[in-house]
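Below is one structure, written out as C-alpha cells, with a few remarks after it.
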Amino acid sequence: MKLLDLHNLSQKRLKALQSAGIHHPEDLLDFFPRRYIDKSNIRPIKMLQEGSEPVTVVGTVKSKQVTGYKQKKRLEVIVQDQTASIKAVYFKGWRYFITQFEEGSLVALYGVAKRFGHYFSMAHPEVDVLKRVEETAKYDTLHPIYPGNKHFSKAYISNPLIKDWVAQILKSTSIPEILPDNILKRHKLPTRDDAYRTIHQPKSTKEAEEALNRFKYEEFFLFELSMARIKNIQITRAEGAILEPGDLTRQFIKKVLPFELTEGQKDGLSDIRSDLNSGRQMNRLIQGDVGAGKTVVAIGSMLMALDNGMQAALMAPPEILAEQHYQTLTTYLEPLGVNIRLLTGGQPAALRRDVLSDISGGGCQIVVGTHAIFQKKVAFNRLGLAVIDEQHRFGVKQRNEVLMKGDNPHLLVMSATPIPRSLAMTIYSDLDISLIKGLPSGRKEIKTAVRTDKERQNVYKFLEQSVRSGDQVYVVFPLIEESEAMDLKDATMGFEKLKRHFPDFKIALLHGQMKPDEKDGIMKRFADGETDILVSTTVIEVGVDVPNASIMIIEHAERFGLSQLHQLRGRIGRGSKQSYCILMPDTKLSKDGRYRLKKMIDTTDGFEIAEADLKLRGPGDFLGTKQSGLPEFRHGDIVEDRLLLEMAKNDAWALIKSDPELESAGLGGLKKVFEPYFRERAEFFGIG
Ligand code: ADP
Ligand code: MG
C-alpha cells in the first residue's frame, strides 16, 4: 500500500505529509494522537449551557455560507435538532470544512458552546457526518486528536482526514510483532498490531495508556539491546593487562596521604582493583558528589598501573583543571620518585616535543593533560590505565577511542553529576558503575543564603571580617558564549569595584581568555594563600581545589543552572572551616530562578539537586544527549518512565546474554528492526 492509495489524499496533501517526514503508510501510523476526546456527552441544543466543557450535539445541516473578506473569511453553518439550532464557525481550513456539510445531512458537532445573543455557537467544532443517529454509538470509543496542523506546512490537513487515513491503513494492514513472545506475556503488553489499533482508536484512556507504554517499552528495549551488545563486544574483544597493587599503591595510601580513605573511596578502589586483575579491560564510571575525593581514587588506580611497569594517563580539561591535577599529583607522588608530565595544547613546541618523547620512551610514568593527551601523535610506551575526569565533557565516541588504543588500556571515567543510580545504570549501561558515597569526615555543611543588591554593603562587611581572619573568597560571574563580551566586562567591572572597596586586600581576576601561564600563576597564588579574593568567571567550575577558600559569592546567581551552582559551590567547604555561599541574584527572578535558588538553600545533597535539575531541564538538556550517547526517544521519557526503562534493560540484557546474535526462532521480526538500529548506534559509539 502506498500513501496515494488512500482516499482523499491528493498530490498536494501528499507533499504536506512528506514535508512532515511521513512517506509511507506506516509513518502515518507512527503519528500518534496528542490526546483524546470523549464525545459521548450528547446534549439537545436547547439544553446547552454556556461553559468550558466540550459537548456533542447532533442535528441536520440547515444552511451554510462563507462570509467576511480576505483574512476574516469564515464558514458559518447552521445545524438544527428537534429542540433548537446552533451555529458552527470555521476560520481556518474552511475550504475543507465546506465539503463536510451538505444541506439536509445529519452531523455531529463536538466543541465548546458559547452564547451570542439568542444563539449558541461553536468555534471550530469537530464534525462527523452521520448516516443515522444510531451511529453515535461509536462515541463509546475515544476520539483521537492529532498534533496540530503546524506539522504540515503545505496544505491544511484536518484531524478527521488523518483519522480517516489511519483507519484505512489499519483496515488493510496487519503489523508484525517484533518483541519476543515471552516478554509480551510476562509484562502483559499488547501486541504491536493491537497497540497501533488502540493508540488510534482506544476505548478508554487506560487502554490508550497501555498501548503507549508498549511503544515506550519497545524503544527502550531496542536501546538497551544495543547497549548490551556493545558491552558484549567490548567484553569479548578486550583482554586487559592484569594489574595488582604493589609498593607504590601501598605507600601512597599508607604513608603519603595525610588522611584516611573514606568508606566510599575504599569501595571505589576495591571495585577498580578487582576490575584490574580480571584479565578484561576495565570500563568503569566513578560517580561521586563534588568534594567526595575522586582524585585520590584516580591516583590510587593509576599507581596500580605503575606498580606493574605500565604508564597511566589522566585527562582533565580544561587546562586549568589539568594543571591543578598535575600540581596535586606532583605533591603526592614526587616523594615516591614518580615521573609525572603535563601535556596541554598551549605548551611551547620544544617542551611539547620533550614531553612526547618522554611518553613514548617510557620514562614518563603518568601524563596529565587536556584532550591533547589522546591525540594520534601521542604514542605511549605501555599505557595501562587511562582516567577521564569530568566525563560529561566527552562524547561516548572519544571514550571508546581511548579504549581501543594500543595495549587495550583500562579506562576509568569520573563524574560529579550524581544522577540517581538506577538511571545511571540504565543509560550508561555500557559502563560499570561505582558510587563514592559520602564526603570526607570533618566537613561542616556549607551555609547558603540569598542576598540582593540592596544588601551588598552587609555582604562586603562580612567579606571584610572573614578575609581579615584569614579566609579566602571566590567571587564568581557567569560567562556564557552568547554574551561573552558583556559577561567578561561584568566580571572585570566587578573586579575593579572590589579593588576600590578593599584597597588593601589582594584581589585577582581569572577568566578563560587569559594565557595559560597567566591563569596558572593566578591559580597558584590563590592556592598558596597569597590572594585573598579571586574574582572569576565559571572557569573555576570544575575540579579546582583550594581547601582554605571558604566563602563564595555568586553574582547573577539566577543565570546559572542548578547543577552548575552545585558544582561551583563544591569549590568551598573543602576544609574543616565553616563555609558560606552567598547567592546574589539580580532583583528580577523568574519562577524557575527562584526555585533554583531555594533548592540551593534547602540542600547540599548532589543527588537531590541533580534530580531537581533533571526535572527542570528534562533529560536531553541535563545529560547533553550527544555526550551521554542517548538517542532521542520518541515516546518514552527516561525520568518519568524510569520503571519501564529498567524493565526493558533487564529483559534486553538477559536476551543478549542468552542469544547475542538474536538467532533463536521467533526473533526474526526483532532482528530485522534491530540490526539497522544497532549499526547506527555502533557507529555513534565508535565501535565497528
Ligand atoms: P572531587 O571528588 O570533587 O574531585 P577532590 O578529589 O578534589 O574531590 O577532593 C576534595 C578535597 O577533599 C581535596 O582537598 C582532597 O584533598 C580532600 N580529600 C580527599 N579524600 C579525603 C579523605 N579521605 N579525607 C579527608 N580529605 C580528603
Ligand atoms: Mg574532581
Check whether any side-chain N or O of D389 sits under 3.5 Å from a backbone N or O of A316 as a donor-acceptor pair, and report yes or no. no
Taking E646 first and then K649, would you say they form a salt bridge - that is, a charged N and a carboxylate O separated by under 4.0 Å? no
For R273, I'd like to know if atom CZ has over 12 heavy atoms of other residues, nucleotides or ligands within 6.0 Å. no
Tell me the ring pair (Phe, Tyr, Trp, His ring centres under 6.0 Å) pairs involving residues 287-317, sequence neighbours left out? none
Got a donor-acceptor contact below 3.5 angstrom from the D637 side chain to the V639 backbone? yes
Quick one: does N283's side chain have a donor or acceptor within less than 3.5 Å of a partner on L411's backbone? no
Listed partners of N650 passing side chain to side chain donor-acceptor pair (under 3.5 Å), at least two apart: none
Which pair of non-hydrogen atoms, one from V355 and one from L342, has the smallest distance, and what is that distance? CG2-O, 3.8 Å
Closest approach of T538 and F560, non-hydrogen atoms and distance? CG2-CE2, 3.3 Å
Do the charged groups of E611 and R642 touch, with an N to O distance under 4.0 Å? yes
Sorted by chain and residue number, the side chain to side chain donor-acceptor pair (under 3.5 Å) partners of D602 (sequence neighbours excluded) come out as K598
Which residues satisfy the salt bridge (Lys or Arg N to Asp or Glu O under 4.0 Å) test with D592, sequence neighbours excluded? none
Any side chain to side chain donor-acceptor pair (under 3.5 Å) pairs touching residues 334-348, not counting sequence neighbours? N339-D358, R341-D354, R341-D358
List, one per line, each side-chain donor-acceptor pair under 3.5 Å for residues 524-535, sequence neighbours excluded.
{"residue": "K524", "atom": "NZ", "partner": "D528", "partner atom": "OD2", "Å": "3.0"}
{"residue": "D532", "atom": "OD2", "partner": "K506", "partner atom": "N", "Å": "2.7"}

F220 and F633 aromatic ring geometry - parallel, tilted or perpendicular at 30°/60° bounds: perpendicular
What are the two closest heavy atoms between S550 and Q578, and how far apart are they? CB-O, 3.9 Å
Who pairs with E224 by side chain to side chain donor-acceptor pair (under 3.5 Å), at least two apart in sequence or on another chain? S429, W653
For a side chain to side chain donor-acceptor pair (under 3.5 Å) check, start with the C-alpha distance between H410 and D275, then their side-chain angles and the critical distance, and finish with the verdict. CA-CA 9 Å; H410 294 287; D275 285 352; over 6 Å; no
Using the test salt bridge (Lys or Arg N to Asp or Glu O under 4.0 Å), find all partners of R229 that sit at least two apart in sequence or belong to another chain. E661, E675
Can you tell me if H556 and D490 form a side-chain donor-acceptor pair at under 3.5 Å? yes
Spacing of R443 atom CZ and I572 atom CD1 [to the nearest 0.5 Å]: 11.5 Å
Check whether the side chains of R569 and T604 place a donor and an acceptor atom closer than 3.5 Å, and report yes or no. no
Whether K577 and D471 form a salt bridge (side-chain N of Lys/Arg under 4.0 Å from carboxylate O of Asp/Glu) is what I want to check. yes
I would like to know whether E239 and N408 meet side chain to side chain donor-acceptor pair (under 3.5 Å); could you show each step before the answer? CA-CA 7 Å; E239 285 184 11; N408 281 356; over 6 Å; no
Is there a donor-acceptor contact under 3.5 Å from the side chain of N400 to the main chain of F685? yes
Output all residues satisfying side chain to side chain donor-acceptor pair (under 3.5 Å) with S415, sequence neighbours left out; order by chain, then residue number. none
For K444, check salt bridge (Lys or Arg N to Asp or Glu O under 4.0 Å) against everything at least two apart and list the hits. none
Is the side chain of Q265 donor-acceptor paired with the backbone N or O of T262 at a distance under 3.5 Å, no angle test? yes
Contacts of R250 that satisfy salt bridge (Lys or Arg N to Asp or Glu O under 4.0 Å) - sequence neighbours left out: D247
Kindly determine whether I436 and D267 satisfy side-chain contact (heavy atoms from CB on, under 4.5 Å), including the steps that lead there. CA-CA 7 Å; I436 303 192; D267 291 347; over 6 Å; no
I'd like to know if the side chain of R399 and the backbone of I388 have a donor-acceptor N/O pair within less than 3.5 Å. no
What I want to check is whether the side chains of D613 and S563 have a donor and an acceptor closer together than 3.5 Å. yes
Are any side-chain N or O atoms of E555 and backbone N or O atoms of P478, one a donor and one an acceptor, separated by less than 3.5 Å? no
For the student: nearest non-hydrogen atoms of H371 and P317, plus distance: CE1-CG, 3.7 Å
How long is the gap from CG on L565 to CG on L583, to the nearest 0.5 Å? 6.5 Å
Can you tell if the side chain of D520 reaches within under 4.5 Å of the side chain of K515, non-hydrogen atoms only? no
So ring pair (Phe, Tyr, Trp, His ring centres under 6.0 Å) across residues 266-307, not counting sequence neighbours, yields none
Salt bridge E323-K519, side-chain N to carboxylate O under 4.0 Å: no
So, are D545 and R574 salt-bridged, with charged N and O less than 4.0 Å apart? yes
Looking at M425, I want to see if its CE is surrounded by more than 12 non-hydrogen atoms of other residues, nucleotides or ligands under 6.0 Å. no
Is K231 salt-bridged to D432, cutoff N-O under 4.0 Å? yes
Just verifying a value: how many Å separate T426 OG1 and L643 CG, rounded to the nearest 0.5 Å? 10.5 Å
